[in-house]
Structures are given as structure tokens and as C-alpha cells.
Amino acid sequence: MASNTSEINASAVDKDDLKIPLIDFGPFFTGTPSDKHAVALAITDAFKTSGFVYLKAHGIPPSVVSGVFASSARFFARPQSEKDSLGWTTPQSNRGYVAIGREKLMTVDETNGADTLRASAPDIKETMELGREGVEGLPNRWPDHLDDEGKDFKETMQSFFEMGKTLHKHIMQAIALGMNLPEHFFDESVNIGDNNLRLLHYPPVSKEVFKNNPNQVRAGEHSDYGSITLLFQDKHGGLQVRSPKGTFVDATPIADTIVVNAGDLLARWSNDTIKSTRHRVIQPPAPEGSENDDSDYPARYSIAYFCQPNNDQLIEALPGTFGEEVQVDKKYSAITSGDYLVQRLTATY
């Protein structure tokens, strides 16, 4: 059984001073208290440096993930009219189908020029946004009324949503231990499940699109908004993370792992001791030997489970991250999780 951080994590990415570890989460569930604490420290240390980790043995079976990817692909293969009938409505709801070009991901300091960015280099992706069930006036836009596949889609995604909620809680427990807080410090701050399950489809794109527009990407540079994000990638790749040197480094897919990154609200909560690192999605690397052919870049699918503190949770600097002992002041004014999310979504749609 693992007993120190060197035995439970390896390097998944190490380039341009960006180090992203591959961490075995299994000992957090089954190990000794020492093992559990070592995992917690490894995750928290990674969030303090790169803001990213790869997580294996995370508790969600590969067969479940494969089933979700298959169901997602069948959804995006539906006629455009069916998808449009389930369209996204408001930032307050953040539920429903988002057509190609509607959302433009960007950094906070770019939001004043959102319309210009959207027109010059729209994000080449379509998404389906799913939230917590049972929120009055904010229903999910399910396709269950369309056919049996729509019913299966709803059942699959509802089950997966709950798995993501459980994993969010466990990772937040690890972060609590890693920050010298009680293990269950965050439990009541994330127990409602005000999260967002985002299914993404990046359609095939002609290489000419990227040759003719050097600013074109599949999803623009941005940081995530919430506490953490659980990202499930397909084999094609395209995710890049901004390094301390300002370069973008490939976060290459690793089978049966989740890429987990810290979001803006966790950075605020930690008074910036944890980093919310910018990232983007570009065209995937060309297969070896095909660099000079004119074929399209292939489709890419991914699943992002955006974890949010409860909407009414007040986000302010955590104990131990400010004050005379650490000689750091509070960097941010307090804001509720829900209000912050609406502000960010309003700017990107």
C-alpha cells in the first residue's frame, strides 16, 4: 500500500515548468490514514502549482464512462431541429443544447470584447448542458419525449450526474485535508449538487479553417468557474494547459483517467493559494505521417463535469489563507457561488 506522495503519483505532463501529476486516488478510499493524507497532499500540492491533476482509480467504472460517451454521440447525431428544440435559455438555468458558435470561452479580461471575439473566431463546438434535477422553474431539457433513445439518454445522464456529485465531495475532502482543515469541512458546502454536466462535440474541421485564421480554436483560452472540473477526454486530444512560461502544453489523454482542474471559485476560496489555470482546446495533433495531407481534423468528444459549491454558499477566504500568520490579506470580496456563476455565464453567451 502506498505511503508517500512519490509512490502514489507519477508525472503525466512535464514541460515548460508545467508539471501535472498522475495520482492514484485509490488509497484515499482504501488506504491507511497515512495513505489517505499522502493522496490529499499530492492533490492539493498539484492544485497549488499547476492547478491540474490526472486522477486514476477514481471510482467511476470505465464501462460507465464509455456508455456516457456513446449516449452523448448519439445525441449529437440527432437532426439539428431536434437539438434546437431543446435549446439553452438563460444563465440562471444553464440547461439545454448550445449550437456551434453561440458560446465563446474567454479570459475574464477579454469579456468586454466578447462580441468581436465571437465573430472573428467562434468556438467550433456544440454542447448539451445538464443541471441538478428538481430546481423549480429551471428544468433540464431532456429528449425523453422524442423516442426511447431519449429516455435512455436521460437515465444514463442522471445516473452519471450523481456519480460526479459523489466524486466532487471526495476530492473536496482531499483538498480539505491537504489544506490542514477537517476532512468534512466542505461537505455541507457541496452537498446539494448545483453542478453542471456538459457534453461536448467538436465536429470534424477542415485544416483550411485553421490555416486561414490563426486565432481559430475549438474552445478559446479560459479558466473554469467553479470549485473543480472533472474532464473525461476521448483519444483524440486537443486540450492544452497554459504553462508558467506562457506557452500552451498538450494535456494528452491517458486511458481510464480524469483530468481534474481547480476553478475560479476554489482559487477565490483559497485566497489564490490554489491556482485556476487557463486552458483551451485546439485541433488535435495530426496522426503520424499525415501532417501534409488535406483530410479534416477528426471529431472530438469530451465530457466536462463542472463542480460548483452550493448556489447559496458564500465564497470568502478560508481559514489559514490570510491574516498575520501568513502575512496575506484577503484578496477578494465575498460572493455567493450562484451569483458568480451567473456573472461569468452572462459574459460568455
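Phe29 and Phe25 have perpendicular rings, their planes meeting at more than 60° on a 0 to 90° scale where under 30° would count as parallel. Ring pair Tyr301/His201 is parallel by interplanar angle, where below 30° counts as parallel and above 60° as perpendicular.
At least one donor-acceptor pair closer than 3.5 Å links the side chain of Thr321 to the backbone N or O of Leu318. Between the side chain of Tyr305 and the backbone N or O of Phe161 there is at least one donor-acceptor pair closer than 3.5 Å. Side-chain N or O atoms of Arg300 include none that pairs as donor or acceptor with a backbone N or O of Asp234 at under 3.5 Å. Looking only at distances, a side-chain donor or acceptor of Thr166 sits under 3.5 Å from a matching main-chain atom of Glu162.
If you run side chain to side chain donor-acceptor pair (under 3.5 Å) between Tyr97 and each of Glu82, Arg78, Gln80, only Gln80 comes through. For the side chain to side chain donor-acceptor pair (under 3.5 Å) test with Glu221, the passing option among Arg280, Gln240, Arg242 is Arg242; the others fail. A salt bridge (Lys or Arg N to Asp or Glu O under 4.0 Å) with Asp264 holds for exactly one of Lys275, Arg278, Arg344; it is Arg344. A side chain to side chain donor-acceptor pair (under 3.5 Å) with Asp194 holds for exactly one of Arg132, Gln308, Lys165; it is Arg132.
For the pair Lys125 and Tyr202, the cation does not sit on the ring face, since its NZ or CZ is not both under 6.0 Å from the ring centre and inside 45° of the axis.
Both Leu181 and Ile43 are part of a single hydrophobic cluster, where members link through side-chain heavy atoms under 4.5 Å apart.
Open room surrounds NZ on Lys235; 12 or fewer heavy atoms of other groups in view lie less than 6.0 Å from it. In Lys151, the NZ atom is crowded: over 12 heavy atoms of neighbouring residues, nucleotides or ligands sit closer than 6.0 Å. Remark: Glu155 CD is loosely packed, at most 12 non-hydrogen atoms of other residues, nucleotides or ligands lying under 6.0 Å away.
Tyr332 and Asp272 share a side-chain donor-acceptor pair at under 3.5 Å. In summary, the side chains of Thr336 and Asp339 do present a donor paired with an acceptor at a separation below 3.5 Å, with no hydrogens or angles considered. Using modelled atom types and a 3.5 Å distance limit, the side chains of Gln313 and Trp269 yield no donor-acceptor pair.
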